[in-house]
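Notes follow once the structure below has been shown.
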2 protein chains.
Amino acid sequence: MTTTASYTVTGMTCGHCVSAVTEEVSAVPGVTDVEVDLATGGLTVTSEQPVDESAVRAAVEEAGYEVSGR
Amino acid sequence: MTTTASYTVTGMTCGHCVSAVTEEVSAVPGVTDVEVDLATGGLTVTSEQPVDESAVRAAVEEAGYEVSGR
């Protein structure tokens, strides 16, 4: 089964920011796909099993940004 | 002798942009130091001999930004 979870990320200003978030969240165990929309801050995380929100938040913060909503 | 040249770069929005410009301009032959100010767009290029403005402009464009003034 495929699970998708949507978050809103603040602080991204350019394509490099999108790359940094994509890279960090892609490294979360179980994540199979990551989509980031720079204009809206939308982050969509796809995985086989649900992934802990805390792990996604930690990955976004590791990249230097914040999850402001889900 | 040390030469410094100042440019203004437009389009940089975050630290990743600064890194990209710094990296590309640092790779221009003869350049010994590069300083970028994100807030003002200021780019200061230091070299032993004067470096062609066209080479600096090309490096900034390679990074994905534009020199808007000198």
Side-chain angles (χ1 to χ4, degrees):
Chain A
M1 196 191 78
T2 298
T3 300
T4 64
S6 297
Y7 300 85
T8 303
V9 176
T10 53
M12 298 185 298
T13 55
C14 74
H16 297 113
C17 300
V18 171
S19 297
V21 169
T22 301
E23 188 175 325
E24 288 293 339
V25 177
S26 294
V28 173
V31 170
T32 55
D33 191 49
V34 175
E35 296 288 334
V36 178
D37 184 322
L38 173 61
T40 64
L43 163 65
T44 305
V45 181
T46 304
S47 53
E48 291 293 318
Q49 306 291 330
V51 169
D52 261 9
E53 178 174 336
S54 61
V56 174
R57 283 181 177 268
V60 170
E61 287 169 18
E62 182 67 25
Y65 307 91
E66 297 290 329
V67 171
S68 61
R70 181 172 181 180
Chain B
M1 196 190 78
T2 298
T3 300
T4 64
S6 298
Y7 300 84
T8 303
V9 176
T10 53
M12 299 186 297
T13 55
C14 74
H16 297 114
C17 300
V18 171
S19 297
V21 169
T22 301
E23 189 174 326
E24 288 292 340
V25 177
S26 294
V28 173
V31 171
T32 56
D33 191 49
V34 176
E35 298 288 334
V36 178
D37 184 321
L38 173 60
T40 63
L43 163 66
T44 304
V45 181
T46 304
S47 53
E48 291 293 319
Q49 305 292 330
V51 169
D52 260 9
E53 179 175 335
S54 61
V56 174
R57 284 181 178 268
V60 170
E61 286 168 19
E62 182 66 25
Y65 307 92
E66 295 291 330
V67 170
S68 61
R70 181 172 180 182

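Just so it is clear: chains get the letters A, B, ... in the order the sequence lines come, proteins before strands, and each one is counted from 1.
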Report, by ascending residue number, the residues of residues 15-25 of chain A in heavy-atom contact with chain B at a distance under 4.5 Å; give 'none' if the set is empty.
-> A:H16, A:C17, A:A20
Under a single-linkage definition using a 4.5 Å side-chain heavy-atom cutoff for Ile, Leu, Val, Met, Phe, Trp and Tyr, are A:L38 and A:V45 assigned to the same hydrophobic cluster?
-> yes
Pairs under 3.5 angstrom only: tabulate donor-acceptor contacts from the side chains of residues 50-59 of chain B to other protein residues two or more places apart or in another chain.
residue	atom	partner	partner atom	Å
B:E53	OE1	B:R70	NH1	3.0
B:E53	OE2	B:R57	NE	2.8
B:E53	OE2	B:R57	NH2	3.1
B:R57	NH1	B:V67	O	3.2

Which residue pairs satisfy the salt bridge (charged side-chain N to carboxylate O under 4.0 Å, His left out) criterion with at least one member in residues 33-42 of chain B, sequence neighbours excluded?
->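 For residues 33-42 of chain B, and leaving out neighbouring residues, there are no salt bridge (charged side-chain N to carboxylate O under 4.0 Å, His left out) pairs at all.
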Using side-chain hydrogen bond (donor to acceptor under 3.5 Å, both in side chains) as the criterion, list what pairs up with B:T46, not counting sequence neighbours.
->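 Testing B:T46 for side-chain hydrogen bond (donor to acceptor under 3.5 Å, both in side chains), a comparison that skips the adjacent residues, returns none.
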